[in-house]
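Order of the sequence lines sets the chain letters (A, B, ...), proteins ahead of strands, with each chain counted from 1. Excluded from the calculations below are hydrogen atoms, water molecules and symmetry mates; all remaining heavy atoms, backbone and side chain alike, are included.
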Amino acid sequence: AGGQNEAASSKPGFLNFAVVAKSLNNPAFQVAEKGANDRAAELGDVGITWTAPTNADAAEEVQMIEGFIAKHVDGILVDSLGPSACGAVNEAIKAGIPVVMWDSDCPDSERNAYVGSDNFKGGYAAGLLYAKAVQGKGQQNVAILTGTPGASNLQQRDQGFTKALDDQQIPYKIVTTVPCYEDLAKSVTAVEDTLRGNPSINGFFFDGPWSLLVDPSNLPVMTSKVQSGALTVVSFDTLPPEIQYVTNGSVIGLVGQTYYGWGYQGIQVLYQIVKNHLKYPKFVNTGLGIVTPQPEMVGDQQSITPQAMNQLWSSFSFKEKPLLPQDLH
Amino acid sequence: MSDERRDATVPGAPRRRTALLAFERFYRSSEAGTLAAVVLLMVLLTFANNQFLTRDNLIFTARSFSFIAIAAMGACFVIIVGGIDLSVGSVMGLAGVVAAFLSSHGYGTIPSVVGALLVGTVSGLLNGLLIAKGGLAPFIVTLGTLSIFRSFVYIVTGGFPMQGFGPSLLWLGQGFFIGIPMPVWIMVVFWILLTFVLRRMRLGWYAYSIGGNEEAARLSGLPVDRVKVLVYVIAGLMGAIGGLLLVARLGVGESTAGLGYELNVIAAAVIGGVSLKGGQGSAFSAVLGAALIGVLNNGLVLLGVGEYLQQLVIGAVIILAVSIDRIRAKNFA
Amino acid sequence: MSDERRDATVPGAPRRRTALLAFERFYRSSEAGTLAAVVLLMVLLTFANNQFLTRDNLIFTARSFSFIAIAAMGACFVIIVGGIDLSVGSVMGLAGVVAAFLSSHGYGTIPSVVGALLVGTVSGLLNGLLIAKGGLAPFIVTLGTLSIFRSFVYIVTGGFPMQGFGPSLLWLGQGFFIGIPMPVWIMVVFWILLTFVLRRMRLGWYAYSIGGNEEAARLSGLPVDRVKVLVYVIAGLMGAIGGLLLVARLGVGESTAGLGYELNVIAAAVIGGVSLKGGQGSAFSAVLGAALIGVLNNGLVLLGVGEYLQQLVIGAVIILAVSIDRIRAKNFA
Amino acid sequence: MAHLDALSALSVHHLTKKYSGVTVLDRVDLSVRPGEILALLGENGAGKSTLMKILSGIHRPDDGRIEFFGREIELRGPKQAQALGINIIHQELNIVANRTVAQNIFLGREPPATWLPAWSGWIDIARMNADAQGLLREVGLASLAPSARCAELSTAQQQLVEIARAISTESKIILMDEPTSSLSAAQVESLFQLMRRLRSGGLGVILTTHRIEEAFEIADRIVILRDGKLVADRPAKETRPQEVIQWMVGRPVGQLFPERSSAPHKDLLQVNGLSGGKVREVSFAVRRGEVFGLGGLMGSGRTEVARLLFGADRAERGDIVLNGRKARIASPEDAVALGVGFVPEDRKLQALILDLAVRQNMVLASLRSFSRGGVIRRKAIERSVGAYVRDLNVQLRSASQHVRFLSGGNQQKVVLAKWLMLSPRILILDEPTRGIDVGAKAEIYALIDRLASTGIAIVMISSELPELLGMSDRVGVMSEGRLVGVLDRREATPETVMRLASMGKAALEGGAR
Ligand SMILES: Nc1ncnc2c1ncn2[C@@H]1O[C@H](COP(=O)(O)OP(=O)(O)OP(=O)(O)O)[C@@H](O)[C@H]1O
Ligand SMILES: Nc1ncnc2c1ncn2[C@@H]1O[C@H](COP(=O)(O)OP(=O)(O)OP(=O)(O)O)[C@@H](O)[C@H]1O
Ligand SMILES: [Mg+2]
Ligand SMILES: [Mg+2]
C-alpha cells in the first residue's frame with residue numbers, strides 16, 4: 001500500500017500524507033484504507049503512506065509518528081492506540097505538520113481535527129437498542145465482554161451503554177466484565193463460560209466484535225439462550241462476519257463506526273486543511289453505522305438492515321460525500 | 001523416559017505390587033506436581049460452582065485448550081532436543097489462514113488440510129535448517145521467523161477474515177465424535193502418538209540423548225543435525241495442526257489467529273514439568289500444562305472473578321503448581 | 001569480559017600496537033556481529049533516505065529505543081547469571097503507572113520516582129527469592145509474576161489513563177540536556193555503570209561465574225543465592241527505570257504500558273549477542289540489540305515499507321544479523 | 001587414639017554418611033598431622049570423594065565428629081572450611097570456562113582495590129594478575145598468561161590452575177582428590193615437588209589417586225577405604241603395593257596386564273598423511289587383532305588424531321583406508337556406519353548422557369540394529385543390555401538406573417559396552433582407564449585383550465607408560481602433532497618411548513624425516 005508515491009513526491013504541489021492505523025488485522029481498517037485511497041484518487045495530487053505498528057503498542061506508534069516528522073510529510077492521519085500516543089501528535093503539530101485524528105482521538109492534544117464517531121455515543125446507541133428490546137422485561141443482569149481490561153475507548157463504550165440504560169430507566173446490574181485480550185478463541189470461551197457459570201445473566205454487551213467474528217456454532221449456549229428468549233445481546237462493530245448474527249436473530253443489533261468515512265473524510269479534512277487552509281471544527285462526526293433487523297431510528301441515527309450492510313461489504317461500494325466545514329455545524 | 005528416573009535405586013527393595021510400583025514411579029515423575037495441581041483445582045471448582053462438573057463444561061473446556069495442547073506437544077519435543085520454538089504462534093496462524101484461504105476459495109478439505117500441513121513442514125524445515133545446519137541459536141532464529149511468518153499471515157489474509165469453509169473442514173474443528181469434540185480426539189491421538197514416538201521409537205530416544213548431551217550424542221554417531229531438523233519439522237506440523245483446528249473451530253481465518261500464542265504454548269510445556277535445559281519431558285506434560293491453564297481460565301470465568309484479578313490468580317496458580325512439584329521433588333531428593 | 005577473551009594465550013607474541021590489539025579483541029567479541037549489522041543498516045539507510053542521517057531523526061530514534069535498552073541491560077544481567085526474567089514488561093508497566101499515579105495525585109517527582117524504584121526492588125526481590133531460595137525455575141516464576149504484576153497495573157490504573165504529571169517528572173522523559181534527550185543520557189549512564197559493575201566489580205564477576213558454572217561457583221564458596229537475588233533486584237530496578245522513563249516520555253500512565261515488552265527486551269539482549277546459556281554478555285550487547293531494532297523500525301517508516309512487509313524485513317534482519325556474527329565467529333574458530 | 005589426636009591437624013571419628021539409605025561411609029576414623037601427606041586409596045565408589053567433600057564442608061555427615069587441631073568443629077559450608085584453612089582440589093574440574101585463569105584462581109577471593117572501601121566490591125585486577133603469575137610459576141605453568149581464558153586450556157592445565165587456586169590462600173590442610181589423573185609424568189613430578197615444599201612448611205595433605213605407585217612415591221601414610229569402611233592405615237614405608245591392592249579390592253588381583261599374543265594378520269586400518277588442526281602428516285597402519293598404542297606427551301596431538309580418524313574434526317589432508325578400501329569419514333556418523341568406535345577421554349562430557357538410564361546409554365550407538373521401522377525392540381535391548389552387564393561385570397542396581405549414579409569404572413564399562421554392541425571393526429580408546437581403580441583396570445585390560453583376539457583393531461591412546469607398554473603390540477609415539485616413531489613390542493621401553501616423545505621440533509627438522 002505504501003511507498004508507491006515516492007517518485008511522484010518530487011512534483012511541486014504534490015502532498016505526501018502518512019496514515020497511522022492501529023493495526024493491520026481488521027477489515028475495518030481495510031475499508032478505511034480504501035476510503036483514503038478513493039479520496040486521494042479523486043483529489044489527484046495526494047499520495048498516501050499507510051502503516052501500522054506491528055505490536056499494537058503505543059510507544060511503537062509514537063516512534064512511527066516521529067519517523068514521519070523526521071521525514072517531513074505534509075500531513076499525518078493518526079488512529080491513537082491510547083493517550084500515550086498523544087504526545088507525539090503535539091510534536092508533529094509543533095514541527096508544523098498538520099495532524100488529523102481518526103477512529104480514536106487524542107482529545108487533549110493540539111491536533112487539527114478528529115474524524116470519527118464518539119465511542120460514548122456508540123455505546124449509548126447500543127444501550128438504546130438494548131433498552132428498547134428489554135423494555136418491561138424486569139431486572140436485567142448484564143455481562144460485558146471487553147478486549148483488554150482498561151482500554152479507554154472500550155470503557156467509554158461501556159459507560160455510554162450503561163448511561164443509556166440509566167436514562168431509559170431499565171433496572172439492571174452489571175454482573176461481570178470479562179476480558180478476552182482481543183483473542184477470538186478466548187472471547188468465545190469467555191462468553192460461553194460466563195453464561196454457563198451464571199445462569200441468571202440475561203443480557204450481554206460486547207464492546208468489541210471478537211466473539212461475533214467467528215462461526216455461530218462456537219456459541220451454542222448463547223444461541224440457545226437467545227432462542228428461548230432468556231438472553232438479549234447487543235454488540236459493537238458492523239464487520240462482515242457479525243452481520244449474520246443479526247440475520248439469524250442472535251443479536252438485536254450492531255453499532256459500528258463508519259469505517260469508510262474514517263479514511264475518506266480523514267484525507268478530505270487533512271487535504272483541505274493543508275492545501276486550502278480551511279478551518280474545521282475539532283470534531284468531524286462521521287456518524288455511526290447501525291444494523292438492526294428492520295430500519296429504525298436509534299436516537300438521531302437511522303439504522304440499516306443486515307442485507308443492506310452485507311451488500312455494502314460485498315460490493316465494497318461504501319460511499320461518502322466529501323465534507324466541507326460548512327456541512328458541519 | 002521420566003518413568004524410569006531413579007527407579008529401583010534402592011537395592012533389594014521388596015517386590016511390591018505392580019500397581020503400587022507404577023504409582024510410585026509416577027509420583028517420582030516430573031508430571032506429578034502439575035497433575036496434582038490440576039486435580040486440586042478441579043476439586044475446588046467442583047465445590048465452588050455447580051456448573052463446573054457438567055459434561056458440557058468439561059468437554060468445551062477440553063476443546064478450548066486442545067489447540068494449545070497440540071502445539072505444546074510439538075514445543076515439548078523441541079525443548080527435549082534442547083531447543084526452543086518461538087515461531088509457533090505465527091505457524092499456527094499461517095497454517096490456519098492458508099487452510100481458510102483454500103477452503104473459502106472453493107478447494108476441498110483435503111487440499112486445505114494439506115496446505116496447512118505444508119506450511120507446518122516448510123516452516124519447521126526452515127527453522128530446523130537454520131538451527132542445525134546454520135548453527136544459529138534457536139531463540140533468535142525462531143524470533144526472526146515469528147516475525148516473518150506473521151508477515152505472511154497478513155499477506156494471505158490481506159487483513160480480511162476469511163469465512164465460508166467446506167463442511168468437513170468445519171467438522172474437524174466443530175464436530176463431535178461419540179459426544180467428544182474432534183479437536184479433543186485429535187489431541188488425544190497425538191498424545192498417544194507422541195508418547196509412542198518418545199518412548200518406543202528411535203527418534204524419541206535420539207531426541208532425549210541429544211538434549212541430554214549433544215556432544216556425547218554426536219560422538220556416538222547419532223545423526224544429530226538430521227534429528228534436530230526432523231524435530232523442528234514435527235513441531236511445525238503440530239503447530240500447524242493446532243492452528244488449523246483452531247481456525248476450523250472458529251470458522252474464520254483472520255490475521256490475529258495465534259498471535260502471541262508462543263508464550264502460552266511454551267508455558268504449557270514448562271508448567272507441565274518440561275525443563276528448558278533439554279533432555280527431559282513428555283507429551284503428557286504438555287497436555288497437563290495446557291489443561292491447567294484451560295481449566296483455570298474456565299474456572300475464573302465461571303466464578304465471575306473480576307477482570308483485574310484474573311491475571312493475579314493465574315500467576316499465583318502457576319507458581320503454586322510448580323511449588324507443589326518442588327515439594328514433591330524434595331521429598332525423595 | 002569479552003575484552004579478555006583469548007588474549008595472550010600465545011606467550012611471547014610480538015607486541016602489536018595497542019589500538020590494533022584492542023580492535024582484534026573487539027572483533028573477537030560477541031558484540032562485533034551486531035555492531036556490524038547496525039552500522040551496515042545505518043549506512044544503507046543513509047543512502048536510501050536523506051532524512052535518516054539528520055540530528056533530529058537520530059536523537060528521536062535513540063530516545064525511542066532507550067527504554068527497551070535500559071530494561072534489556074537488566075535482562076542481560078539476569079541472563080548472564082543463568083536466569084531469565086519474563087516479568088520485565090509488567091514491571092515496566094507497574095513502575096510507570098505507580099509513578100504516574102503518584103505524580104498525578106499531587107506527589108512530587110521524588111516520591112514518584114521512589115515509588116517506581118520501590119516497585120522495581122520489590123518485584124525483583126520476589127522473583128529472586130522464589131528462584132534462588134525457593135529453587136523454582138526462572139522461566140516459570142517470572143511467567144507467573146508477569147501475570148501478577150500486570151494485574152496490579154490494572155488495579156492501580158483502574159483502567160483509566162493517568163495524566164497531569166509534575167513538570168520535572170515529565171522532564172525526565174521528555175527533556176533535553178545539551179541537546180540530547182534525558183532518557184538517552186540515562187541509558188548511557190547505566191551503560192557505563194553496568195559495564196563497570198560487570199568488568200570491575202565483584203558482583204559482576206560473581207554473576208559471570210555463577211552463570212558459567214554454578215556448581216563451581218558454589219563450591220568456591222560464592223554466595224550464589226544472594227548474588228542471584230541481587231541480580232534480579234537490579235533487573236527489576238532497570239525495568240522500573242525503563243518503565244518510568246517510558247511513561248514520563250509519553251506523559252500518560254496507561255494499563256497497557258509495557259504490555260508484551262518481555263519479548264522485545266529479551267530479544268534485544270539476545271540479538272546483541274548475549275547467550276541464553278548464561279555466563280556471557282555485556283551491557284553493550286543489550287544497547288546494541290535495542291539499537292538494531294530501533295533503527296530498523298525507524299528505517300522502515302522512513303522508507304515507507306508497506307505495512308505487510310515490515311515484519312518480514314524485521315525477521316530477516318534479525319536472522320541476518322546473527323548470521324554475520326556466525327561467520328565472524330567461524331573466522332577464528 | 002587420644003594422644004595422637006593432639007598431634008593431628010584434622011581428624012574424624014566414626015564418620016558416617018548415607019545417600020538415600022545406602023551407607024557410603026561407615027564409621028570412618030582418620031587423622032592427618034601437620035607436615036604429613038596421607039594417601040587415601042580405594043576402589044571406585046569406596047567413598048574417598050565423599051569423605052573429602054565432608055571435610056571441605058560441602059556435604060554434612062550423618063554421624064561422627066570432625067576435629068581440627070583438637071577442637072571439635074561443625075562444617076556448614078565450603079566458605080567456612082576455607083576460612084579455617086582447609087582447601088580442596090575436586091576430582092571433577094571446577095573451572096568456569098569462560099573466565100580467565102586469574103579469575104578462576106581467585107574466584108571468591110578477588111583482591112579488593114586499596115584505593116576504594118572494600119564494600120565497593122571494586123577489584124584490583126592488576127594485583128590479581130600479578131599474584132596469579134606467581135602462583136602459576138609455582139605449579140609449573142609459568143608460560144601461561146593469567147589473562148588466558150580457561151576454555152582454551154588443556155585438561156592438564158586446568159587441573160594445575162585448580163591446584164594454584166588451592167595454594168593461593170593460607171592453608172593448613174589441602175585435600176587433593178585425584179589431582180594427577182590428567183597430568184603428565186613431568187607435571188606429576190613438579191606437583192610432588194610442590195607438595196613436598198608444602199609439607200615442609202607444616203601443611204597436612206590428603207591425596208587420592210588410582211596410581212598406586214604415586215602413593216608410594218609421595219605419601220607418608222597410606223589409608224585404605226573399602227565399601228565405605230576403613231580397612232588399613234599404614235606408614236607407607238612398611239607397606240607393599242600388592243598388599244594395598246589386596247586391601248582395596250578385597251581379594252588378590254592377579255596379573256594386571258593380560259598375556260598378549262598377537263598372530264600376524266593383515267592390515268585393517270591404514271592412515272596416510274593425516275593432517276588437520278595441529279596434526280601433521282600422520283601415517284600408520286593397524287592390523288586386525290592388534291592393539292596399536294599411541295604415546296606421547298600431553299598435548300602432543302594424540303586426541304586430535306583420534307578425533308580426525310573418527311570424523312569428529314575435519315581433516316585437511318590425508319586418507320584413511322579401511323580393509324583395503326578408501327573410507328570417507330566426514331562425521332562420527334560415517335565412522336560408526338563403517339564400524340569404528342571411539343571411547344573419548346572425558347566420559348562424562350563426551351561419552352555419556354548422565355541423566356539417562358544405563359540401558360539407553362548402552363544402546364545409543366547401535367540403536368539402528370535394535371529397531372525395526374524406527375520402532376525400538378525392547379525385548380532385544382533388554383536381552384543384550386543384560387548380557388553385557390553380566391559379561392563386563394558392571395555393578396549397578398538396575399538397567400534403568402541413571403549413569404550419573406554409577407562409579408567411574410562402571411561408567412567406563414558402560415561406554416565400552418556401547419561400542420561393543422555395535423560389533424565394531426576398529427575401536428579407538430582415548431585414555432581408557434583414566435580415573436579407574438586397579439580392579440576395574442585389570443578387567444578393562446582383559447576386555448581389551450579379548451576384543452583384540454576377536455579380530456578388532458584397537459588404537460589405544462594412553463599417558464600411563466605401564467599401560468601403554470603392557471597392552472600395546474606396537475607403540476606409535478607422537479610429538480608436536482607428528483608421529484615421530486613406531487616401536488614394536490620388544491623395542492618399546494619407557495626410555496625409548498620417552499626419548500621419542502620429548503624429541504622437539506628441532507630434532508624433527510634435524511633429520512628424522
Ligand atoms: N550425591 C550422591 N547421591 C547419591 N549417591 C552418591 C552421591 N555421591 C556419591 N554417591 C555414591 O557414594 C558412593 C561413594 O562415592 P565417592 O564418589 O565417594 O567414591 P570415590 O571413592 O571417590 O570413587 P572414585 O574413585 O570413582 O572417585 C558411590 O557408590 C556413589 O555412587
Ligand atoms: N575435544 C576437544 N575440543 C577442542 N580442543 C581439544 C579437544 N581435545 C583436545 N583439545 C585441545 O587440543 C590440544 C592438543 O591436545 P590433545 O588432546 O590433542 O593432545 P593429547 O596428546 O591427546 O594430550 P592429552 O593426553 O592431554 O589428551 C590441547 O591443548 C587441547 O586443549
Ligand atoms: Mg572420587
Ligand atoms: Mg588426549
Side-chain angles (χ1 to χ4, degrees), chain B residues 84 86-87 90 126 130 134-159 255 260 262-264 266-267 270-271 273-277 289 306-323 325-326 329-330 333, chain C residues 84 86-87 90 126 130 134-159 255 260 262-264 266-267 270-271 273-277 289 306-323 325-326 329-330 333:
Chain B
I84 196 153
L86 295 174
S87 71
S90 298
L126 181 65
L130 284 168
L136 303 178
F139 187 92
I140 306 239
V141 167
T142 57
L143 183 72
T145 54
L146 155 73
S147 268
I148 294 173
F149 300 153
R150 180 57 58 185
S151 180
F152 292 156
V153 174
Y154 292 140
I155 293 170
V156 172
T157 60
S255 56
E262 53 281 350
L263 208 57
N264 301 335
I266 296 169
V270 174
I271 291 168
V274 181
S275 156
L276 285 174
K277 296 208 181 79
E307 51 184 332
Y308 294 154
L309 291 180
Q310 290 199 3
Q311 300 247 39
L312 184 67
V313 179
I314 292 176
V317 170
I318 290 175
I319 294 179
L320 276 176
V322 290
S323 306
D325 189 62
R326 184 75 205 149
K330 266 200 181 150
Chain C
I84 196 154
L86 295 174
S87 71
S90 299
L126 182 64
L130 284 168
L136 304 178
F139 187 92
I140 306 236
V141 167
T142 58
L143 183 73
T145 54
L146 155 73
S147 271
I148 294 173
F149 300 152
R150 180 57 58 186
S151 182
F152 291 155
V153 174
Y154 295 142
I155 293 169
V156 171
T157 60
S255 58
E262 52 281 350
L263 210 56
N264 301 338
I266 296 170
V270 174
I271 291 167
V274 181
S275 156
L276 284 175
K277 294 205 183 83
E307 66 249 38
Y308 293 152
L309 292 180
Q310 293 199 2
Q311 299 242 47
L312 185 68
V313 176
I314 293 176
V317 170
I318 290 176
I319 294 178
L320 276 177
V322 291
S323 306
D325 189 61
R326 183 77 202 145
K330 263 198 184 153

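- Looking at C:Ser323, the atoms closer than 4.5 Å to chain B (heavy atoms on both sides) sit in the backbone and in the side chain alike.
- With a 4.5 Å cut-off on non-hydrogen atoms, C:Leu309 touches chain B through its backbone and its side chain both.
- In terms of the side-chain hydrogen bond (donor to acceptor under 3.5 Å, both in side chains) criterion, residue partners of C:Ser87 (sequence neighbours excluded) are, by chain and number, C:Asp85, C:Asn127.
- Residues C:Val141 and B:Val322 have side chains not in contact (no heavy-atom distance under 4.5 Å, counting atoms from C-beta outward).
- In terms of heavy-atom proximity, C:Ser255 sits nearest to C:Arg150 at O-NH1, 2.6 Å.
- Only the side chain of B:Phe152 comes within contact range of chain C, judged by heavy atoms closer than 4.5 Å.
- Chain C forms more heavy-atom pairs under 4.5 Å with one residue of B:Ile271, B:Leu86, B:Ile318, B:Leu312 than with any other, namely B:Leu312.
- Not counting sequence neighbours, the partners of C:Gln310 by the side-chain hydrogen bond (donor to acceptor under 3.5 Å, both in side chains) test are A:Thr51.
- With a 4.5 angstrom heavy-atom cutoff, B:Leu146 touches chain C only via side-chain atoms.
- Scanning both residues, C:Pro138 and C:Thr142, for their nearest heavy atoms gives O-OG1, 2.7 Å.
- Ranked by non-hydrogen atom pairs under 4.5 Å with chain B, the options C:Ser147, C:Ala137, C:Gly135, C:Ala316 are led by C:Ser147.
- For the set B:Gly158, B:Gly306, B:Ser275, B:Gly260, the count of heavy-atom pairs under 4.5 angstrom toward chain C peaks at B:Gly158.
- Using a 4.5 Å cut-off between heavy atoms, B:Leu130 touches chain C through its side chain atoms alone.
- Smallest separation of non-hydrogen atoms from B:Leu143 and C:Ala267: CD2-CB, 3.3 Å.
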